[in-house]
Amino acid sequence: MHYDYLVVGAGLFGAVFACEMNKQGKKCLVIDKREHIAGNIYTEEVLGINIHKYGAHIFHTSNQEIWNYINQYATFNRFVNSPVAVYKEELYNLPFNMNTFSRMWNVKTPAEAKGKIASQIADLHITDPKNLEEQALSLVGTDVYEKLIKGYTEKQWGKPCTELPAFIIKRLPLRFTFDNNYFNDLYQGIPIDGYTSIVEKLLEGVDTRTGTEYREFIKANEETKEITFNKVLYTGMIDEYFDYKLGTLEYRSLRFEEEQLPECDNYQGNAVVNYTEREVPYTRIIEHKHFEFGSQPGTVITKEYPAEWQPGDEPYYPVNDERNDALFKRYEELARQEKNILFGGRLGQYKYYDMDKVIAQALIMVKEQREGSEE
Ligand code: FAD
């Protein structure tokens with residue numbers, strides 16, 4: 001069997017690439033080491049509810065072309081992300097907006113809220129923030145920082161905010177309107193049949209093998225010579241591809257604890273609830289049915305625990321600090337020297353990409369391949 005492309009990874013990047021190449025008459029074989037397609041956007045039905053197995057995924061974009069693209073493969077509902085934060089006995093709306101401020105200080109007008117924040121910032125006398133704590137305090141003042149940022153950030157990074165660099169937080173958007181919509185994007189929603197269905201449609205007519213790890217596949221194929229291919233698109237970890245020969249790129253990981261509650265029809269009244277206290281070990285609880293305005297008799301919740309990452313763990317968030325970015329550049333250099341291999345997606349590019357950006361990047365790669373083959 002001969003293929004134009006061996007696509008490693010059946011996530012969104014690999015699937016968009018394979019779909020578009022297939023449309024152009026190029027034959028692709030997609031492999032994934034997981035037992036399912038769709039990578040991190042995988043959803044699975046439990047108690048009649050689509051469960052986001054690898055963390056809450058909300059599609060949002062202001063890019064008309066990408067919105068039109070994804071709408072070929074899904075119908076989106078009217079979900080708007082409006083998370084709630086729990087700090088001890090207090091509940092706040094996110095992102096930080098007039099609902100948050102009025103709950104925090106009983107203020108009624110934007111001028112009062114701005115005055116409160118400005119006076120807290122002025123009292124701190126921070127002129128040159130030396131760490132994340134000072135940076136955040138100098139942007140939002142004491143109350144918002146202590147109640148809504150400090151504990152959550154420390155859990156996410158596994159370090160005190162005083163030991164984290166200031167650059168992690170460049171700005172902290174404060175909204176002086178009563179608007180709980182987390183995203184400013186033009187389009188937002190959740191695909192009505194779940195994300196896996198999108199990837200199934202993208203991969204229609206494309207040969208796909210799950211439970212197939214790249215190296216093992218190559219090794220077995222060397223013996224059988226069953227498959228030949230011209231090029232590889234690799235959407236796994238770039239350092240793993242090169243056997244970590246220049247060193248290991250670091251990630252933050254997550255642990256998900258899923259609970260089925262067949263007797264409870266509404267656990268928390270919202271899809272996403274953040275727990276901002278340091279003492280609560282998880283950062284958020286997702287109640288999946290609220291992504292879809294579900295009316296099932298039961299519910300499913302997932303607690304999200306940030307975790308240290310060790311090689312072999314699931315890599316979720318790249319740690320784009322100076323050391324890792326410099327190391328990635330060196331791996332990119334190695335990649336340029338390799339023949340007939342492309343690296344794409346969040347792991348291949350060592351960058352956190354939202355889904356719309358992943359689609360856009362995959363479409364650019366498709367275009368480059370087409371132009372390359374026409375030359
Ligand atoms: P992946 O989905 O990771 O796909 C890569 C695939 O390659 C995986 O399936 C993996 O098993 C496979 N693979 C790796 N190595 C090998 C190998 N050696 N052999 C075979 N297969 C291999 N984006 C949004 O737009 N909105 C959100 O709300 C949002 N929430 C997120 C929440 C979390 C917790 C995380 C981590 C990400 C979130 N994202 C969100 C980003 C979104 O998940 C990514 O944009 C998208 O999944 C990236 O697709 P990908 O194909 O690059 O990577």
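Order of listing sets the numbers, starting from 1, for every ligand and every atom in it.
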Asks: Do NZ/NE/NH1/NH2 and the carboxylate oxygens of K147 and E90 come within less than 4.0 Å?
Replies: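 Salt bridge: yes.
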Asks: For atom 39 (N) of ligand 1, what's the nearest protein heavy atom and its distance?
Replies: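 Protein heavy atom with the smallest distance to atom 39 (N) of ligand 1: Y352 OH, 3.1 Å.
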Asks: Take every heavy atom of Y42, measure it against each atom of ligand 1, and state whether any distance is under 4.0 Å.
Replies: no
Asks: At a 4.0 Å threshold, what atoms of ligand 1 neighbour a non-hydrogen atom of G39?
Replies: 2 (O), 9 (O)
Asks: Are Y92 and I286 linked, directly or through other ILVMFWY residues, by side chains that come within less than 4.5 angstrom of each other?
Replies: no
Asks: Which heavy atom of the protein is the closest neighbour of atom 2 (O) of ligand 1, given with residue, atom name and distance?
Replies: N40 N, 2.9 Å
Asks: Can you name the atoms of ligand 1, numbered from 1 with element, that are less than 4.0 Å from a heavy atom of E240?
Replies: 18 (N)
Asks: Please confirm whether the ring centroid of Y316 lies under 6.0 Å from the ring centroid of W309.
Replies: no
Asks: So that I can tick it off, tell me whether K289 and E287 are bridged by a salt bridge, with the cut-off set at under 4.0 angstrom between side-chain N and carboxylate O.
Replies: no
Asks: Hey, looking at atom 28 (O) of ligand 1, which of I58, T210, T235 has the closest heavy atom?
Replies: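 It is I58 whose heavy atom sits nearest to atom 28 (O) of ligand 1.
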Asks: Just jot down the ligand 1 atoms closer than 4.0 angstrom to any heavy atom of G11, in number order.
Replies: 2 (O), 4 (O), 51 (O)
Asks: Output the distance between atom CD1 (I58) and atom CE (M355), rounded to the nearest 0.5 Å.
Replies: 7.5 Å
Asks: With R78 as the cation and F293 as the aromatic partner, state whether NZ or CZ is under 6.0 Å from the six-membered ring centre and within 45° of the axis.
Replies: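 So R78 does make the cation-pi contact.
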Asks: For the 3.5 Å polar cut-off, considering only N or O atoms, please tell me whether E304 and ligand 1 meet it.
Replies: no
Asks: Within 45° of the six-membered ring axis of Y353 and under 6.0 Å from that ring's centre, is NZ or CZ of R346 located there?
Replies: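 Not flagged: R346 not positioned over aromatic ring of Y353.
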Asks: What protein heavy atom sits nearest atom 7 (O) of ligand 1, and how far away is it?
Replies: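 Looking only at protein heavy atoms, the one closest to atom 7 (O) of ligand 1 is G9 CA, 3.2 Å.
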Asks: Should F13 be counted as touching ligand 1, given the test is an N or O pair under 3.5 Å?
Replies: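 Yes.
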Asks: Is D32 in polar range of ligand 1, meaning some N or O pair under 3.5 Å apart?
Replies: yes
Asks: Before accepting this row, confirm whether a basic side-chain N of the pair E226/R209 lies closer than 4.0 Å to the acidic partner's carboxylate O.
Replies: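 Salt bridge: yes.
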Asks: Measure from atom 42 (C) of ligand 1 to every heavy atom in H57, M237, K33 and give the option owning the shortest one.
Replies: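 When every heavy atom of H57, M237, K33 is considered, H57 comes closest to atom 42 (C) of ligand 1.
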Asks: Any chance the side chains of Q72 and K201 put a donor and an acceptor closer than 3.5 Å?
Replies: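 Looking only at side-chain atoms, K201 and Q72 do not form any donor-acceptor pair under 3.5 Å.
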Asks: How are the rings of F343 and Y234 set relative to one another: parallel (under 30°), tilted (30 to 60°) or perpendicular (over 60°)?
Replies: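 Perpendicular.
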Asks: Which atoms of ligand 1 sit under 4.0 Å from any heavy atom of G236?
Replies: 14 (C), 15 (N)
Asks: Output the list of atoms in ligand 1 that are nearer than 4.0 Å to some heavy atom of Y234, sorted by atom number.
Replies: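 Counting atoms of ligand 1 from 1, those under 4.0 Å from Y234 are 18 (N).
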Asks: Any atom of ligand 1 sitting under 4.0 Å from a heavy atom of K357?
Replies: no
Asks: So that I can tick it off, tell me whether E314 and R34 are bridged by a salt bridge, with the cut-off set at under 4.0 angstrom between side-chain N and carboxylate O.
Replies: yes
Asks: With nothing but distance in play, are any N or O atoms of Y316 less than 3.5 Å from an N or O of ligand 1?
Replies: no
Asks: Using a 3.5 Å cut-off on N or O atoms only, is A56 in polar contact with ligand 1?
Replies: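 Yes; at least one N/O pair falls below 3.5 Å.
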Asks: Closer than 4.0 Å to some heavy atom of V8 - which atoms of ligand 1 meet that?
Replies: 17 (C), 19 (N), 20 (C), 21 (N)
Asks: Closest non-hydrogen protein atom to atom 19 (N) of ligand 1, residue and atom name please, with distance?
Replies: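 Closest protein heavy atom to atom 19 (N) of ligand 1: Y214 N, 3.0 Å.
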Asks: Does Y317 come within less than 4.0 angstrom of ligand 1, counting non-hydrogen atoms of the residue?
Replies: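 Y317 counts as a contact of ligand 1 under the 4.0 Å cut-off.
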Asks: Check each atom of ligand 1 against the heavy atoms of T212 and keep those under 4.0 Å away; list them by number with element.
Replies: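 Listed by number with element, the hits are 20 (C).
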Asks: Just jot down the ligand 1 atoms closer than 4.0 angstrom to any heavy atom of V358, in number order.
Replies: 45 (O), 48 (C)
Asks: Measure the distance from atom 1 (P) of ligand 1 to every protein heavy atom, then report the residue, atom name and distance (to 0.1 Å) of the closest one.
Replies: R346 NE, 3.6 Å
Asks: Measuring from non-hydrogen atoms of F59 to any atom of ligand 1, is the shortest distance under 4.0 Å?
Replies: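 No heavy atom of F59 comes that close to ligand 1.
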Asks: Pairs of nitrogen or oxygen atoms closer than 3.5 Å, one from D354 and one from ligand 1: do any exist?
Replies: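 Yes, D354 has an N/O under 3.5 Å of an N/O on ligand 1.
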Asks: Quick check on the hydrophobic clustering: are F178 and Y182 connected, directly or via other members, by side-chain heavy-atom contacts under 4.5 Å?
Replies: no
Asks: For F217, state whether at least one heavy atom is located under 4.0 Å from any atom of ligand 1.
Replies: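 Contact absent.
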Asks: Compute the shortest N/O to N/O distance between L254 and ligand 1 and return yes if it is under 3.5 Å, no if not.
Replies: no
Asks: Taking the six-membered ring for Trp, are F291 and H52 closer than 6.0 Å centroid to centroid?
Replies: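 Yes, the ring of F291 comes within the 6.0 Å limit of the ring of H52, centre to centre.
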Asks: Looking at the rings of Y187 and F59, which for Trp means the six-membered one, are their centres under 6.0 Å apart?
Replies: no
Asks: Just need the protein heavy atom nearest to atom 41 (C) of ligand 1, so name the residue and atom and give the distance.
Replies: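 It is Y353 O, 3.3 Å.
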Asks: Tell me, which protein residue and heavy-atom name are nearest atom 25 (O) of ligand 1, and how many Å apart are they?
Replies: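 Nearest protein contact, heavy atoms only, for atom 25 (O) of ligand 1 is M355 N, 2.7 Å.
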Asks: Could you tell me if R252 sits above the aromatic ring of Y317, with its cationic atom closer than 6.0 Å to the ring centre and no more than 45 degrees from the axis?
Replies: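 Judged by the rule, R252 and Y317 form no cation-pi pair.
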Asks: So Y73 and Y195, ring pair (Phe, Tyr, Trp, His ring centres under 6.0 Å) or not? Walk me through it.
Replies: CA-CA 10 Å; Y73 302 99; Y195 288 97; over 10 Å; no
Asks: In the protein, which heavy atom is nearest to atom 17 (C) of ligand 1, and how far is it?
Replies: E213 OE2, 3.7 Å
Asks: Below 6.0 angstrom between ring centroids: does that apply to F101 and F176?
Replies: yes
Asks: Could you say whether the N/O atoms of L12 and ligand 1 ever approach to under 3.5 Å?
Replies: yes
Asks: Looking at non-hydrogen atoms alone, which of D356, V272, I41 comes nearest to atom 46 (C) of ligand 1?
Replies: I41
Asks: Taking the six-membered ring for Trp and the single ring otherwise, decide whether the centroids of Y251 and Y350 are under 6.0 Å apart.
Replies: yes
